[in-house]
Amino acid sequence: MNLSEYTYYLVRQIPKGRVSTYGAVAKALGDKNYARVVGLYMNRNPDANTMPCFKIVCSDGSLGGFGLGLPDKIRRLQNEGIQVRKGKIVDFDSVFFDGFQTMYPLKKRKS
DNA sequence: ATTGGGGCCTCCG
DNA sequence: TCGGAGGCCCCAA
């Protein structure tokens with residue numbers, strides 16, 4: 001399993017109605033510096049059916065970006081009952097998910 | 001609130 | 001194949 005596949009695996013762990021952040025995923029990957037790379041993976045694979053990248057937001061609760069356009073991201077979030085006001089997640093602390101199940105710490109590149 | 005440095009991958013020429 | 005530029009960012013100052 002390569003890095004991008006492992007990233008998708010983690011993102012799919014986010015329960016319905018919850019969100020997580022680029023940084024949280026990066027930390028689950030083993031290094032917070034992966035945050036930007038996580039964003040790239042999201043942008044590269046904007047298929048919301050297999051990879052709910054709309055559930056990944058910035059660590060301060062703001063939305064971040066979205067390859068298909070932010071309005072679409074907001075719509076998808078609200079579909080799961082997540083409220084968005086003024087470009088931020090409402091009650092961010094209570095919907096934030098950081099309970100990723102990491103099989104192994106992926107510190108370095110894996111084949 | 002704003003700024004800038006960080007350090008890793010992917011993309012495209 | 002090689003190299004440089006940039007990214008759906010984060011955090012400490």
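By convention in this document, chain letters (A, B, ...) are assigned in the order of the sequence lines, proteins followed by strands, and residues within each chain are numbered from 1.
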**Complete:** For DNA chain C, the dot-bracket notation using Watson-Crick and G-U wobble pairs below 3.5 Å, [ ] for pseudoknot-type crossings and | for other-strand pairs, is .||||||.|||||
Contacts table for residues 19-29 of chain A: side-chain donor-acceptor under 3.5 angstrom, sequence neighbours left out:
unit_1 : atom_1 : unit_2 : atom_2 : d
A:S20  : OG     : A:F97  : O      : 2.8
A:T21  : OG1    : A:G23  : N      : 3.4
A:T21  : OG1    : A:A24  : N      : 2.9

**Message:** As an exercise, state the distance from OH of A:Y34 to OH of A:Y41, rounded to the nearest 0.5 Å.
**Reply:** 8.0 Å
**Request:** Figure out the CD1/C1' separation between A:I56 and C:dC8, and round it to whole Å.
**Result:** 10 Å
**Asked** Does A:I14 belong to the same Ile/Leu/Val/Met/Phe/Trp/Tyr cluster as A:V38, with side-chain heavy atoms less than 4.5 Å apart forming each link?
**Response** yes
**Atom pair NZ/CG of A:K88 and A:D60 - distance to nearest 0.5 Å** = 4.0 Å
**Message:** Taking 4.0 Å as the cut-off, does a side-chain nitrogen or oxygen of A:Y34 come that near to OP1 or OP2 on B:dC9?
**Reply:** yes
**Asked** Whole Å only: how far is the CG atom of A:L40 from the C1' atom of B:dC12?
**Response** 13 Å
**Prompt:** How long is the gap from CZ on A:R18 to CD on A:Q13, to the nearest 0.5 Å?
**Reply:** 12.5 Å
**Message:** Just the rounded figure in Å: distance from P of C:dC9 to CG of A:L29.
**Reply:** 16 Å
**Item:** Straight-line distance of A:I74 CD1 to A:N79 CG, nearest 0.5 Å
**Value:** 12.5 Å
**Request:** Calculate the interatomic distance between A:N43 atom CG and C:dC9 atom C1'; express it in whole Å.
**Result:** 13 Å
**Request:** Would you please confirm or rule out a distance under 4.0 Å between OP1 or OP2 of B:dT10 and any side-chain N or O of A:R44?
**Result:** no
Under 3.5 Å between N/O atoms: give me all the protein pairs with nucleotides 10-13 of chain C, atom names plus distance.
unit_1 : atom_1 : unit_2 : atom_2 : d
C:dC10 : OP1    : A:G23  : N      : 3.0
C:dC10 : OP1    : A:S59  : N      : 3.4
C:dC10 : OP2    : A:S59  : N      : 3.2

**Prompt:** How many angstroms lie between CD in A:Q83 and CD in A:Q78, if you round to the nearest 0.5 Å?
**Reply:** 6.0 Å
**Prompt:** Whole Å only: how far is the CZ atom of A:F66 from the P atom of C:dC9?
**Reply:** 14 Å
**Fill in**
Separation of B:dC11 atom P from A:L3 atom CG, nearest Å, is 12 Å
**Asked** Rounded to the nearest Å, what distance is computed from the CZ atom of residue A:F54 to the C1' atom of nucleotide C:dC8?
**Response** 14 Å
**Asked** Is any side-chain heavy atom of A:R44 less than 4.5 Å from a side-chain heavy atom of A:S4?
**Response** yes
**Prompt:** Taking atom P of B:dC8 as reference, at what distance in whole Å does atom OH of A:Y41 sit?
**Reply:** 13 Å
**Prompt:** What distance do A:K73 atom NZ and A:I82 atom CD1 have between them, rounded to the nearest 0.5 Å?
**Reply:** 10.5 Å
